[in-house]
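Shown next, in structure tokens, is the structure this report addresses.
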Amino acid sequence: MVGTLESREVENVGDSLTGSQASDSDGSASITPSTTHSHELTPVYTGPAYSVFTPKQKIYIIVLVTAASFVSPTSSSIYFPALIPIRQDLGVSTTSINLTLTAYMLFQGLSPTIFGDLADMAGRRPAYILAFIVYLGANIGLALQDSYAVLFVLRCVQSMGSSGAIALGYGVVADISTSSERGKYMGIVGAGTMMGPAVGPVIGGILSQFLGWRSIFWFLVIISALFLIPYTLTVPETGRNVVGNGSVPPQGWNLTILEWWKIHREARSENGLSRTVTAEGRQLAQAELARHRKLRFPNPLKTLRIVMEKDMLVVLAFNSLIYTAFYDVISSLPQLFQEIYQFNDLQIGLCFLPYGCGCAVSSYVNGRILDYNYKRVARQINFTIDRKHGDDLRHFPIERARLEIIWPFIALGIACVLCYGWVLHQHANLAWPLILTFFIGLFLNGAFNILSTLVVDLYPQSPSTATAANNLVRCFIGAAGTGIINSMLQSMGTGWCFTLISGICVLATPLLWIELKWGMGWREDRRCREEIAEERKRREHAVEDAVVTENEK
């Protein structure tokens, strides 16, 4: 247990180095290199495993997390086929109803800045449970309301509740998986995230066509409850500042119902000595981790600080532009397909299937490619991968390992967006735009997954907050793009509108080259600053402890 606590202390202070020893950048082990030359690094690992969760436990956790990540994009995409009947029932314009999409995306960016910081500070479970309680309440209100103003406000609340799940999901992946296997799990969570665009519009089209648009929100109430109940009962806390590598027993609100019941039964056990020893050991382990965290109101400014780091800003800026192109295709599809092909709600919903299938396939396959390229780069530089303890990324070119494979995804994805605009401009056969939406989902979503994985790798100590920064930038820029897409289509025409969007993405691609060239140096500079700040905090805490001890004497 002592080894575990020392390991977590290393992670929480920013993996400080002393002499020839370096701590694992994933926060798990000490490393003594046999040589200082990074290309011949042969580390010797000590300390506890990165995660004590078994493979079966990891899969179960990931399955539930994937289900949660399914909810937010489903809440957005299930709404698309109902845009026209909601607009007609409430008597508002297309621009007004599109503002509910823009507002949803704005809060989709803001919400994770709160829930991500809360999760990194207090644990994943409290953040998940609070987010889904808010989400449940918003959906009930949306199903019962009959006013555009209420619809607008509750869509914002709905987005706040659901959108934190994506940032929390990637945080859980970082909690339980090392960098060498992270791509696989990120792919699974990403596949669940992108299943929403695949099935959401179909479900929304069916419900809107046959049961009315209000039934969409009752459906969301049901699926969120189906997640929240098993999660509350069974999914353990994984936050590394709360349970370390999983070996430190959780406390208070971080306990599952089953864990609480087990502890309650132990407390009533007749074996008083065993109970005292167990309780004391648990309290000591919990107190050691609690020393390194302070519960406070979640601070969105922490997310903004991450955004302003040079390596993160470059990645997030490019990702946001690709996301805007991606989302402009989706948000304009209902209106364009109704005007061009005269489709009803159900038919529009079915048209989202190829796009969603492309996203899901991309997420699953892309995770395997990420892990393969990580191993390939490690072999090229003679870097030893430690699957048990995790790898020291300080001397590992993680930027190269992630970004080397992104170029085909970007090139083909942008080309498909360009072609999509012109086939719709020519009112081509329906097969052509549907095929292109499949490839847009396949390639652009593949680029998202690569960049999202890199974001987590750059900030393994605060993965949920880093993912929240990713969501903040891309959703704000995406919201701006969604807000003006109809005006662009009307003034420029479909072909030239998507030509402009594609051209902006092409002009932004040098940002990734900048990250490849200077990203590793920026990452090391940031790490050194964090180590200095943490060392200062340790000294301040040591002085405070000394004063308290002196006063007690």
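Keep in mind that this is a model prediction, so the values were computed, not measured. Atom set for the values below is all heavy atoms of this structure, side chains included, hydrogens, waters and symmetry mates excluded.
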> Are the side chain of Lys58 and the backbone of Ile176 linked by a donor-acceptor contact shorter than 3.5 Å?
Replying inline: yes

>> Would Met160 and Leu110 count as a side chain to side chain contact (heavy atoms under 4.5 Å, CB included) here? Give the steps.
In response: CA-CA 8 Å; Met160 287 184 62; Leu110 287 172; over 6 Å; no

> Would you say the side chain of Phe396 lies within less than 4.5 Å of the side chain of Val377, judging by non-hydrogen atoms?
Replying inline: yes

> Which heavy-atom pair separates Ala508 from Phe318 by the least distance, and what is that distance?
Replying inline: O-CD1, 3.4 Å

>> Quick check: Tyr231 with Phe132 (ring centres under 6.0 Å apart)?
In response: no

> Which heavy atom of Ser502 sits nearest a heavy atom of Val417, and at what distance?
Replying inline: OG-CG1, 3.5 Å

> Looking just at side-chain N and O atoms, do Gln338 and Gln342 make a donor-acceptor pair shorter than 3.5 Å?
Replying inline: no

> What heavy-atom pair brings Ser69 and Gly169 nearest, and what distance separates the two atoms?
Replying inline: OG-CA, 4.3 Å

>> Does Tyr341, at its OH atom, have more than 12 non-hydrogen atoms belonging to other residues, nucleotides or ligands within less than 6.0 Å?
In response: yes

> What are the two closest heavy atoms between Val189 and Thr66, and how far apart are they?
Replying inline: CA-OG1, 3.7 Å

> Is it the case that Thr100 and Tyr79 place a side-chain donor and acceptor less than 3.5 Å from each other?
Replying inline: yes

>> Could you walk me through whether Ile222 and Phe219 satisfy the side chain to side chain contact (heavy atoms under 4.5 Å, CB included) test, starting with their C-alpha distance in whole Å, then the side-chain angles of each, then the deciding distance to 0.1 Å, before giving a yes or no?
In response: CA-CA 5 Å; Ile222 294 170; Phe219 173 81; 5.6 Å; no

> How many angstroms lie between CG in Leu321 and CD1 in Ile501, if you round to the nearest 0.5 Å?
Replying inline: 11.0 Å

>> Does the structure place the NZ or CZ of Arg124 under 6.0 Å from the centre of the six-membered ring of Phe115, at an angle of no more than 45° from the ring's axis?
In response: no

> With no hydrogens and no angle check, is any side-chain donor or acceptor of Gln426 less than 3.5 Å from a backbone partner on Ala428?
Replying inline: no

> Taking Ser159 for the side chain and Tyr104 for the main chain, is one N or O donor matched with an acceptor at less than 3.5 Å?
Replying inline: yes

> For the atom pair CD1 (Ile97) and CG (Asn486), what is the distance rounded to the nearest 0.5 Å?
Replying inline: 12.0 Å

>> Is any side-chain heavy atom of Thr324 closer than 4.5 Å to one of Tyr327?
In response: no

>> Name the residue from Leu350, Leu336, Ile348 that meets the side chain to side chain contact (heavy atoms under 4.5 Å, CB included) definition with Phe343.
In response: Ile348

> Would Val314 and Leu512 count as a side chain to side chain contact (heavy atoms under 4.5 Å, CB included) if you check the C-alpha gap in whole Å, the side-chain angles of each, and the deciding distance to 0.1 Å?
Replying inline: CA-CA 7 Å; Val314 168; Leu512 297 184; 5.6 Å; no

> Hey, what's the ring geometry for Tyr420 with Phe498, parallel, tilted or perpendicular (30° and 60° as the breaks)?
Replying inline: perpendicular

>> Please check: side-chain N/O of Glu237 versus main-chain N/O of Gly239, any donor-acceptor pairing under 3.5 Å?
In response: yes

>> Test your reading of the model: is there a side-chain donor-acceptor pair from Arg125 to the backbone of Pro236, 3.5 Å cut-off?
In response: no

>> I'd like to know if the side chain of Glu309 reaches the main chain of Ile306, judged simply by a donor and an acceptor atom lying under 3.5 Å from each other, with no hydrogens or angles considered.
In response: no

> How close do Cys505 and Ile414 get, heavy atom to heavy atom, and via which atoms?
Replying inline: CB-CD1, 3.5 Å

> So, does Ser162 use its side chain to make a donor-acceptor pair with the main chain of Val71 at under 3.5 Å?
Replying inline: no

> Between Tyr135 and Tyr128, does the ring centre distance come in under 6.0 Å?
Replying inline: no

> Trp422 and Trp432: aromatic ring centres closer than 6.0 Å?
Replying inline: no

> Under a 4.0 Å N-O cut-off, is there an ion pair linking Arg523 with Glu399?
Replying inline: yes

>> Just so I know, are the side chains of Leu106 and Phe476 near enough to count as touching, which here means a heavy-atom distance under 4.5 Å?
In response: yes

> Do Leu211 and Trp218 have side chains that get closer than 4.5 Å, going by heavy atoms?
Replying inline: no

> Taking atom types as modelled and ignoring hydrogens, do the side chains of Trp407 and Thr509 form a donor-acceptor contact shorter than 3.5 angstrom?
Replying inline: no

> Taking Ser362 for the side chain and Leu442 for the main chain, is one N or O donor matched with an acceptor at less than 3.5 Å?
Replying inline: yes

> Hey, are the side chains of Ser452 and Asn470 touching, using non-hydrogen atoms and a 4.5 Å cut-off?
Replying inline: yes

> How are the rings of Phe326 and Tyr355 set to each other: parallel, tilted or perpendicular (split at 30° and 60°)?
Replying inline: tilted

>> To the nearest 0.5 Å, what is the distance between CG on Leu430 and CG on Leu424?
In response: 9.5 Å

> Can you name the closest pair of heavy atoms from Ala119 and Ala127 and give their distance?
Replying inline: CB-CB, 3.9 Å

> So, does Asn373 use its side chain to make a donor-acceptor pair with the main chain of Ala401 at under 3.5 Å?
Replying inline: yes

>> Working to the nearest 0.5 angstrom, can you tell me the gap between Ser208 OG and Trp213 CH2?
In response: 9.5 Å

>> Less than 3.5 Å apart, any donor N or O on the side chain of Ser93 or Ser96 sitting next to an acceptor on the other?
In response: yes

> For the atom pair CD (Gln57) and CD1 (Ile62), what is the distance rounded to the nearest 0.5 Å?
Replying inline: 12.5 Å

> Hey, mind stepping through Ile410 and Phe443 against side chain to side chain contact (heavy atoms under 4.5 Å, CB included) and telling me if it holds?
Replying inline: CA-CA 7 Å; Ile410 292 173; Phe443 295 124; over 6 Å; no

> Given side chains that start at C-beta, do those of Ser332 and Leu489 come closer than 4.5 Å, heavy atoms only?
Replying inline: yes

> Without hydrogens or angle criteria, can the side chains of Asn139 and Gln158 be said to hold a donor-acceptor pair below 3.5 Å?
Replying inline: yes

>> Below 30° counts as parallel, above 60° as perpendicular, anything between as tilted: where do the rings of Phe152 and Tyr148 land?
In response: tilted

>> Less than 4.5 Å apart, side chain to side chain, heavy atoms only: is that true for Cys351 and Leu434?
In response: yes

> Does the side-chain hydrogen bond (donor to acceptor under 3.5 Å, both in side chains) test come out yes or no for Tyr60 and Thr234, once each step is laid out?
Replying inline: CA-CA 10 Å; Tyr60 179 72; Thr234 63; 2.5 Å; yes

> When you measure from the side chain of Ser320 to the backbone N and O of Ala317, does any donor-acceptor pair fall under 3.5 Å?
Replying inline: yes

> Using 4.0 Å as the upper bound for N to carboxylate O, is an ion pair formed by Arg402 and Glu515?
Replying inline: no

> Which of these, Leu151, Val157, Val150, sits in a side chain to side chain contact (heavy atoms under 4.5 Å, CB included) with Leu142?
Replying inline: Leu151

> Got Tyr374 and Ile385 here, is their nearest side-chain heavy-atom distance under 4.5 Å?
Replying inline: yes

>> What I want to find out is whether Asp146 reaches Arg214 closely enough, with some N-O distance under 4.0 Å, to be called a salt bridge.
In response: yes

> Just how far is it from atom NZ of Lys517 to atom CZ of Arg400, taken to the nearest 0.5 Å?
Replying inline: 14.0 Å

